Amino acid sequence: MKRNMSIQLMGYFFFQIGKRELSQTCRKRIYKEYHRILSHAKDIGKWNPLLSCYALGAWFIAMNRANGLSPEKNYSILADGLQNSQIFRMVMGDGDHYLDPKRIEKQKKWAKGTKERRYENDWVADLLPGNESFDLGYDYLECGICKLCKDEGCEDLAKYLCKIDYLFADTMGLHLERTTTIAEGGEKCDFRFSRVK
């Protein structure tokens with residue numbers, strides 16, 4: 001995967017995560033491993049809306065390789081770091097932004113394009129318009145993070161990254177309901193987002 005400005009910026013942002021729990025030396029090892037993973041990772045496209053998730057997956061894999069802590073502890077460090085980051089909250093935005101009709105139109109085009117499978121490690125998704133049960137839904141039929149973890153020989157780590165989705169939703173003030181994930185053996189990941197009432 002090409003090392004572009006987005007990947008660089010995400011790496012700098014992730015480097016700040018775990019400042020309290022991890023030494024700077026440890027975070028430098030993680031940073032180096034993160035770039036090593038992404039240097040040989042399969043491309044998912046320059047303008048992919050899930051590029052940050054793919055990069056986060058690479059960072060989590062790098063954490064688990066570089067610091068000797070358990071996946072549970074690394075997940076805790078990652079989740080705490082994201083929750084305490086003002087930059088993360090600003091970038092995520094709020095539920096109104098996430099559910100904005102103009103944004104959803106772009107997401108529909110992206111989801112439709114994923115069926116072409118131009119990039120081997122990309123997600124493949126169906127977007128489901130809101131109804132009386134939820135405001136926006138996605139069925140992910142293939143998961144880029146699961147593919148990256150498989151390529152890196154650490155498929156067991158993907159399930160921890162699935163938990164981050166709930167943190168994303170909470171940060172935006174949305175409720176996420178999900179009954180199955182690919183990482184835990186399901187045929188799809190069924191995301192259903194609703195405004196918190």
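Note that the structure is a prediction, hence the values are computed from the model and not measured. Numbers here simply count residues along the sequence, with the first being 1.
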Practice item. Please round to the nearest 0.5 Å and tell me the distance separating atom OG of S6 and atom CH2 of W47. Key: 6.5 Å

Check your understanding: Is L50 close to I145 at the side-chain level, that is, under 4.5 Å between some pair of heavy atoms?
Key -> no

Review point. What is the ring orientation for W59 with F14, classed by angle as parallel under 30°, tilted 30 to 60°, or perpendicular over 60°?
Key: tilted

Point to revise | Under 3.5 Å: donor-acceptor pair, side chain of K188, backbone of T181 | key: no

Review point. Quick check: does any side chain N or O of K108 sit under 3.5 Å from a backbone N or O of D126, one acting as donor and the other as acceptor?
Key: no

Review point. Just checking, is any N or O donor in the side chain of Y119 or N48 under 3.5 Å from an acceptor N or O on the other one?
Key: no

Exercise for review: For E120 and K147, work out which heavy atoms get closest and say how close.
Suggested key: O-NZ, 3.0 Å

Review point. Within the distance-only criterion (no hydrogens, no angle test), does the side chain of R192 pair as donor or acceptor with the backbone N or O of F134 below 3.5 angstrom?
Key: no

Check your understanding: Step by step, would you call L128 with L136 a side chain to side chain contact (heavy atoms under 4.5 Å, CB included)?
Key -> CA-CA 6 Å; L128 304 141; L136 177 64; over 6 Å; no

Point to revise | Shared hydrophobic cluster for Y12 and I87 (ILVMFWY, side-chain gaps under 4.5 Å) | key: yes

**Study point:** Minimum-distance pair of heavy atoms, taken over all atoms of A62 and I30
**Key:** CB-O, 3.5 Å

Exercise for review: Could you walk me through whether W123 and E142 pass the side chain to side chain contact (heavy atoms under 4.5 Å, CB included) test, one step at a time?
Suggested key: CA-CA 5 Å; W123 284 254; E142 296 179 22; 5.9 Å; no

Review point. Any side-chain heavy atom of C162 sitting closer than 4.5 Å to one from R178?
Key: yes

Point to revise | Shortest non-hydrogen separation from N67 to L22 and the atoms involved | key: ND2-CD2, 3.8 Å

**Study point:** Donor-acceptor under 3.5 Å (D135 side chain, R195 main chain)
**Key:** yes

Check your understanding: Quick one: CG on L82 to CD1 on I164, what's the gap to the nearest 0.5 Å?
Key -> 5.5 Å

Exercise for review: For E72, look at atom CD and say whether over 12 heavy atoms of other residues, nucleotides or ligands are found less than 6.0 Å away.
Suggested key: yes

Practice item. Decide whether a cation-pi geometry holds between K163 and Y75; the criteria are a distance under 6.0 Å from NZ or CZ to the six-membered ring centre and an angle within 45° of the ring axis. Key: yes

Exercise for review: Give a yes or no on whether the backbone of Y31 and the side-chain of H35 come within a donor-acceptor separation of less than 3.5 Å.
Suggested key: no

Exercise for review: With rounding to the nearest 0.5 Å, note down the distance linking CZ in R103 to CG in D96.
Suggested key: 12.5 Å

Revision key, fill the gap. Scanning both residues in full, the closest heavy-atom pair of S133 with S194 reads O-OG, 3.7 Å

Review point. Do other residues, nucleotides or ligands put more than 12 heavy atoms under 6.0 Å from the NZ atom of K106?
Key: no

Check your understanding: Side chain of T171, backbone of L167: donor and acceptor closer than 3.5 Å?
Key -> yes

Point to revise | Hphob cluster co-occupancy, L176 + V196, side-chain heavy atoms under 4.5 angstrom | key: no

Exercise for review: Kindly say whether the aromatic ring centers of F193 and Y98 come within a distance under 6.0 Å.
Suggested key: yes

Exercise for review: In sequence, state the C-alpha distance, the side-chain angles, and the governing distance for K19 and R27, and then conclude on side chain to side chain contact (heavy atoms under 4.5 Å, CB included).
Suggested key: CA-CA 8 Å; K19 266 184 159 177; R27 287 183 291 127; 3.5 Å; yes

Point to revise | Nearest non-hydrogen partners of P71 and F60, listed with the distance | key: O-CZ, 3.7 Å

Point to revise | E177, CD: over 12 other non-hydrogen atoms inside 6.0 angstrom | key: no

Check your understanding: According to a 4.5 Å side-chain heavy-atom criterion applied to Ile, Leu, Val, Met, Phe, Trp and Tyr, with indirect links allowed, do L99 and M172 form part of one hydrophobic cluster?
Key -> yes

Point to revise | Any L157 side-chain heavy atom under 4.5 Å of N74 side chain | key: no

Review point. Got a second to check how far N121's CG is from D151's CG, nearest 0.5 Å?
Key: 5.0 Å

Exercise for review: Verify, without hydrogens or angle tests, whether D190 (side chain) and T180 (backbone) share a donor-acceptor contact under 3.5 angstrom.
Suggested key: yes

Check your understanding: Any side-chain heavy atom of C149 sitting closer than 4.5 Å to one from I61?
Key -> yes

Review point. Any chain of hydrophobic side-chain contacts (each under 4.5 Å) joining L141 to L161?
Key: no

Check your understanding: Do T114 and D122 have a side chain donor and acceptor closer than 3.5 Å?
Key -> no

Point to revise | ring-ring contact (aromatic ring centres under 6.0 Å, His included) assessment of F88 paired with F168 | key: CA-CA 9 Å; F88 173 69; F168 290 168; 5.7 Å; yes

Exercise for review: Evaluate the side-chain proximity of K28 to E33: yes if any heavy-atom separation is below 4.5 Å, no if none is.
Suggested key: no

Review point. Are any side-chain N or O atoms of S39 and backbone N or O atoms of R36, one a donor and one an acceptor, separated by less than 3.5 Å?
Key: yes

Practice item. Look up atom NZ in K42 and atom CG in L148, then write down how far apart they are to the nearest 0.5 Å. Key: 9.5 Å

Review point. At their closest point, which heavy atom of I182 faces which heavy atom of C143, and how far apart are they?
Key: CD1-N, 3.9 Å

Revision key, fill the gap. Distance col, row D170:CG vs Q83:CD, nearest 0.5 angstrom, shows 8.0 Å

Exercise for review: For the pair N84 (side chain) and D80 (backbone), establish whether a donor and an acceptor sit closer than 3.5 Å, ignoring hydrogens and angles.
Suggested key: yes

Review point. Would you say the side-chain atoms of R29 pair up with the backbone N or O of R65, donor to acceptor, closer than 3.5 Å?
Key: no

Check your understanding: Is the Y138 ring parallel, tilted or perpendicular to the Y140 ring (thresholds 30°, 60°)?
Key -> parallel

